[in-house]
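The following block contains the structure, expressed as structure tokens.
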Number of protein chains: 2
Amino acid sequence: MADMLNVTPRALRFYEDKGLIHPQRINGQRSYGLRERARMDNILRGKRLGFSLDDIRTVLDIYDGKVLSREELLRRKNGFEQLIEDLKTQRDDIDIVTENLSSLCARIDAFANDPARDAATFMNAQAYDAVLRRYLDDELFDEPAVSAARI
Amino acid sequence: MADMLNVTPRALRFYEDKGLIHPQRINGQRSYGLRERARMDNILRGKRLGFSLDDIRTVLDIYDGKVLSREELLRRKNGFEQLIEDLKTQRDDIDIVTENLSSLCARIDAFANDPARDAATFMNAQAYDAVLRRYLDDELFDEPAVSAARI
DNA sequence: CCTTACGTTTACGTTAACGTCAACTGATAT
DNA sequence: ATATCAGTTGACGTTAACGTAAACGTAAGG
């Protein structure tokens with residue numbers, strides 16, 4: 001199971017201690033079945049998105065029927081709705097970072113293939129141009145506009 | 001600046017120690033300008049996506065012209081291209097988690113508004129149904145199919 | 001029967017990303 | 001001149017998510 005999901009046995013035990021999974025025991029030995037696999041998939045997905053194990057448990061607790069107070073359920077629902085909002089901005093973040101990385105890769109390629117490779121011309125220019133222009137347009141700052149020329 | 005970005009001054013100093021930002025000094029005092037603001041935006045965006053500060057520095061180092069070896073540039077480019085791939089799956093993760101959370105919220109609402117609120121009927125049923133069905137369809141397992149009935 | 005190998009528990013170690021506290025240093029207001 | 005107050009520099013503390021090592025049980029193979 002550990003290899004299957006590319007996590008260490010230690011991590012599985014850690015999740016068990018935290019109450020995130022509850023593998024069966026067959027004379028002492030842990031046995032992971034379909035259900036634990038499904039849970040682990042959800043746990044890892046949450047982790048990849050930056051959620052803490054405690055965050056994840058606030059969800060799993062509900063799935064496990066460990067939270068039955070209407071009060072508490074609604075409280076957590078509010079949290080989830082906030083999370084959904086955050087995930088939206090996270091999608092936007094992904095798009096922005098993807099674009100930044102792509103254009104950086106392109107510039108690296110251009111430089112690497114430049115027959116007359118000149119280190120000076122690689123980086124002096126419009127590195128942050130796009131970013132900066134956004135800020136200048138939005139006029140976000142009152143600060144004494146520091147020399148935007150030489151970045 | 002700290003308040004503006006909703007980070008603590010300590011964090012700003014930490015990023016400076018790590019070499020991620022280089023605020024001007026005006027007789028000892030740190031002065032954050034347009035450039036540092038742009039860098040912070042990128043840093044925080046990276047953080048929101050789960051990147052470590054060291055990850056982020058591998059990008060900023062290049063923008064700062066601190067990496068000029070063609071060898072090293074191409075090595076990092078490979079890393080970035082891998083990151084771009086990861087970001088794609090992260091988008092998919094976001095969609096899945098968003099859907100899961102949404103349907104969970106809906107079920108909480110249904111339960112909370114149920115006039116004859118019955119805790120037993122809330123959670124016993126098809127909690128993982130969708131997830132499980134995917135796995136059963138994909139036939140991912142050789143393991144002795146543990147009782148998929150009682151989740 | 002012995003050992004080799006694997007799994008378990010307990011407990012301490014580790015890393016990243018800051019928090020917090022103490023001691024100090026100009027700049028400013030009174 | 002003194003008090004105050006924000007800002008600076010170490011230095012140590014903290015939390016999450018594991019890693020790692022020690023000590024032990026047990027099932028299989030020769």
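Reminder, nothing fancy here: chain letters follow the sequence lines and each chain counts from 1.
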(Q) Rounding to an integer number of Å, can you tell me how far Ile21(A) CD1 sits from dA17(D) P? (A) 14 Å
**Q.** Between P of dC18(D) and NZ of Lys18(A), the distance in whole Å
**A.** 10 Å
Q) From dC18(C), dA17(D), dT9(C), pick the nucleotide closest to the side chain of Arg25(A)? A) dT9(C)
Q) Just to confirm, is there a sub-4.0 Å distance from OP1 or OP2 of dG7(C) to any side-chain nitrogen or oxygen of Arg30(A)? A) no
Q. Between atom OH of Tyr15(B) and atom CD1 of Ile56(B), what is the distance when rounded to the nearest 0.5 Å?
A. 7.5 Å
(Q) For Glu99(B), is the CD atom crowded, meaning more than 12 foreign heavy atoms sit under 6.0 Å from it? (A) no
Q) Just how far, in rounded Å, is P of dA16(C) from CG of Leu53(B)? A) 10 Å
Q: Measure the distance from CD1 on Ile43(A) to P on dA16(D) and round it to the nearest whole Å.
A: 17 Å
Q) Does the base of dT20(C) carry an N or O that pairs as donor and acceptor with the side chain of Arg10(B) under 3.5 Å? A) yes
Q. Is there a donor and acceptor pair, one atom on the side chain of Arg13(B) and one on the base of dT8(D), closer than 3.5 Å?
A. no
**Q.** Donor-acceptor under 3.5 Å (Arg57(B) side chain, Lys18(B) main chain)
**A.** yes
Q.
Quick check: on DNA chain D, is the nucleotide nearest Asn27(A) upstream (toward 5') of the one nearest Phe14(A), or the reverse? Name the residue that is more 5'.
A. Phe14(A)
Q: Examine dC18(D): is either OP1 or OP2 under 4.0 Å from a nitrogen or oxygen in the side chain of Tyr15(A)? Give yes or no.
A: yes
Q: Answer yes if the side chains of Asn42(A) and Arg45(A) hold a donor-acceptor pair under 3.5 Å, and no otherwise.
A: yes
Q: Could you state the atom-to-atom distance from CG of Asn6(B) to C1' of dC18(C) in whole Å?
A: 15 Å
Q. Which nucleotide in the list dA17(D), dG7(D), dC18(C) gets nearest to the side chain of Lys47(B)?
A. dC18(C)
Q) dG19(C) phosphate, OP1 or OP2: any side-chain N/O from Thr8(B) under 4.0 angstrom? A) yes
Q. Given dT8(D), dT8(C), dA16(C), which nucleotide is nearest the side-chain atoms of Asp54(B)?
A. dA16(C)
Q: Report the distance from atom CD of Glu16(B) to atom P of dC18(C), rounded to the nearest whole Å.
A: 15 Å
Q: Check the distance between dA6(D)'s C1' and Ile26(B)'s CD1 and give it to me in whole angstrom.
A: 15 Å
Q | Distance-only polar pair, side chains of Gln82(B) and Asn78(B), donor-acceptor under 3.5 Å | A | no
Q: Take the protein atom CZ of Phe51(A) and the nucleotide atom P of dA16(D), then report the distance between them rounded to whole Å.
A: 17 Å
